[in-house]
Amino acid sequence: MTFPSAVRRAGLIVAIAALAVTAGCAKKDEGEVQAGGVKLVEKGKLTVCTHLPYAPFQSKDAGGAVVGFDVDVMDLVAKELGVEQKIIDTPFEGIKSGQDLNTGKCDAAAAGMTITEERQKVMDFSDPYFDATQALLVKTGKAYRSLDDLRGKKVGVQAATTGRDYARKYEAEKGLQLVEFEDLAAEQQALANGQIEAAINDLPVWTEYIKEHPGGFEVTAEFDTGEQYGFSVKKDGNPELIKKINEVLAKAKQDGSYDKIYEKWIGKLPNS
Amino acid sequence: MKLRRRQRERLSLWLQYLAFVVIVGAVIVAADWGRLREAFFRVDIIQSMFPTVITVALRNTVLYTLGAFAFGLVFGTLLALMRLSRVAPYRWVATAYIELFRGLPALLVLFLVGYGIPIAFPEREIPGGVFGSIAIGLGLTAAAYMAETIRAGIQAVPKGQMEAARTLGMSHFTAMRTIIIPQAFRVVIPPLTNELILLTKDSSLAYVLGVTAQTIEVTKFGRDTLNDRVNATPLLVAGFTYLIITLPLSQVVRRLELRYAKAR
C-alpha cells in the first residue's frame, strides 16, 4: 500500500503532534528517589530553596559557597539522610507562596522564614528552630528611637518578609513612607546611601550587618513580634522529611550541636 | 489507492486542521482546570485589586514608560546625529555608547543608576525620585536602540533632499532640522512605537529601585498582592493590565506601517 506524498506528510505531522502531546503530558516521576525512607527530588541530594543573601542565616562566603545558620542546620539533616545538601537561590515569593515546593524545585525551604498562619496554609512547617524579633536599623547618630520618630520619613522593608508585614500594619497609623526592596542587599545599600532613613528587618540580620560595618549603623528599636523560624516542605507532600527534620532538631538541641551552630553564627547562646 | 491532485491537497489540508484540533484539545483536556482556577482566577482577589491596579499601578507604569521614552528619544536622536557626524570623535563616542548599552541588560543599567549615582554624588539627588531614576535608567538603554533606528531613518531619506536643500542655500544644520529629520521620523515611527511597547514591559524592572505604595507599578503590585494573598491570581490581573496599553499600541503600529506602505 503506498500513500501519496501529501497524505504521508500530513500523516507525519499528526503523528509528530500526537507524540509531542503525549510527551508533554507524561507524568513527572515523583518520589522515585528515596534516602533513609524520605522522598527526594534529586538522587543523593537534599535540595533546599533559599533566598540570598540573608546573613547570618544564609549568604555566600569569600569562596562563593553558601554558608550560614540555616545551612549548617540543614547539613545536619542531610547528614542524617546520608545525602549532600544542594542549595537553590530563588526569589522569596516563590518560597513563601509554596510554589517552589509544590513544583518539585526543592525538597525543603530554609530561608530564615517565620512560621505564619498564612504560610502554614500552603506548606508544612517543621518545629520552630529560631526565635526572631524585628529591629530598626539607622545610621549611627540619627535620632530615630521608634516608629513614632519616623512620621513622614522613608522606611525600608524587604519584600515578602514579616518585617514588611509588621511595618505595613503601622504604615497609616504612624504615617510611615514604606519603600520595598527586593532583597536585603538593596535595602542595606539604600540605607547606606541615605535613600531611606531607617530599615526594618530581622534582628540577627542587622546584628551581622553591624558586625561587618562597625560604627556605621545601630539598632535603635526592637519589635518583639513573637516570631519563630521554621523549615518547610510541600504541603501534605513529605511528612517523612518533616519528621526527620524535627528529629534532627531535637537531637541537635540535646547533644549541643545546635548551641555550637548558634554560637558560631549568632553569638550569644539562646536563653532557653 | 490513487487520489487526484485536488483531492490530495484537500486531504492534506483536512489532516492539518485535524492535527491542530487534536493538539489544542489534548492540552485543554489534560490541564487541571479546577486547580488552575483556584490558583489563577479567584474573583474575590481580582475585585480587591481594583481600582488601585488602575489608578496607581497602571498610572505609574505609563508615567515611567513615557519618561523613559522621552529621555531615550531625545538622547537617541542626539546619538544618531553624532553617529552621522563629520566630526570623527563624535562618531567614535556614539558608536561605543550604542554598542555598550545595547549589550547591557536593562536591569543592570537601572541598578547602576539607582545605586551608583547616589554613591558617586552623595549630596545630590536624581530629580523626580523613582520616576527620574527609571526615566534615566531605562532611557539610557532605549536611547542606544532608538539611535540605530533613527540613524537608519535619516539614511533612508534620499540624498537628493539634502543636496537640494544645500543648493537653496540652507546650512547643513538647518537642512537636517527642517528637511531631513522630519522625513526620517515618518519612517521610524512604527519601530519607535515598538520600542515604546518594549519599554512598557521594561518598566516592571522598577522594583530594583525600591518602591513605595505611591510609586508602585503594575508588576510589583501584582507580586505584592500575590504575597499578601498567597495566590497567583494577581499575576493574571497584572498581565491583562499590560495588554490594556500594549494591544492598542501594536494596532497603531500596524496602521502606521500600512499607511506608510501605501504612501510609498
Side-chain angles (χ1 to χ4, degrees), chain A residues 1-18 20-22 24-25 91-94 96-99 102 116 118-123 154-161 164-165 168 171-172 176-183 185-187 189-190 192-196, chain B residues 1-5 7-27 29-31 35 39 111 114-123 125-126 129-130 133 205 207-216 220 222-224 226-232 235:
Chain A
M1 189 167 74
T2 52
F3 282 107
S5 68
V7 178
R8 226 171 25 216
R9 210 178 318 137
L12 193 67
I13 292 173
V14 175
I16 290 173
V21 170
T22 25
C25 294
F92 198 40
E93 280 106 330
K96 181 179 164 177
S97 64
Q99 288 310 323
N102 286 341
T116 69
E118 274 198 328
R119 292 175 189 171
Q120 272 170 330
K121 281 183 209 153
V122 292
M123 59 186 103
K154 284 189 175 160
V155 179
V157 293
Q158 185 181 350
T161 60
R164 173 246 185 205
D165 292 345
R168 263 283 167 90
E171 187 178 13
L176 308 174
Q177 221 187 323
L178 294 186
V179 186
E180 270 194 55
F181 294 93
E182 198 54 21
D183 44 40
E187 188 185 1
Q189 191 64 60
N193 286 348
Q195 285 162 280
I196 51 176
Chain B
M1 191 164 100
K2 197 91 181 148
L3 295 172
R4 260 178 296 149
R5 194 191 154 88
Q7 287 175 311
R8 274 207 315 258
E9 269 171 12
R10 195 177 300 162
L11 187 58
S12 159
L13 199 63
W14 276 109
L15 281 174
Q16 289 185 42
Y17 276 122
L18 186 72
F20 180 75
V21 171
V22 166
I23 293 170
V24 173
V27 170
V29 170
R35 276 182 61 193
F111 203 87
Y115 293 90
I117 291 182
I119 292 175
F121 310 100
E123 300 308 316
E125 238 178 21
I126 296 177
V130 176
S133 303
L205 298 173
Y207 74 84
V208 297
L209 298 174
V211 292
T212 66
Q214 291 83 46
T215 60
I216 203 162
K220 176 72 178 153
R223 292 170 68 188
D224 266 9
L226 178 148
N227 277 316
D228 290 338
R229 308 295 294 260
V230 194
N231 185 283
L235 297 185

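Every chain is numbered from 1 and lettered A, B, ... according to where its sequence line falls, protein lines coming before strand lines.
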A:S97 and B:L226 have their tightest heavy-atom pair at CB-CD2, 4.1 Å
Okay, B:L209 and chain A: the region with an atom under 4.5 Å from a heavy atom over there is backbone
dist A:R168:CZ -> B:D224:CG (nearest 0.5 Å) comes out at 6.0 Å
Of A:Q189, A:E180, A:R164, the largest count of non-hydrogen pairs under 4.5 angstrom with chain B goes to A:E180
Distance col, row A:L176:CG vs B:T212:OG1, nearest 0.5 angstrom, shows 12.0 Å
Greatest number of non-hydrogen atom pairs under 4.5 angstrom with chain B, of A:E182, A:K154, A:E187, falls to A:E182
Among A:G194, A:G98, A:A160, the residue with the most heavy-atom pairs under 4.5 Å to chain B is A:A160
Okay, A:V122 and chain B: the region with an atom under 4.5 Å from a heavy atom over there is side chain
Honestly, the part of A:Q195 sitting under 4.5 Å from a heavy atom of chain B is side chain
What one should report as the nearest heavy-atom pair of A:N193 and B:Y115 is ND2-O, 3.6 Å
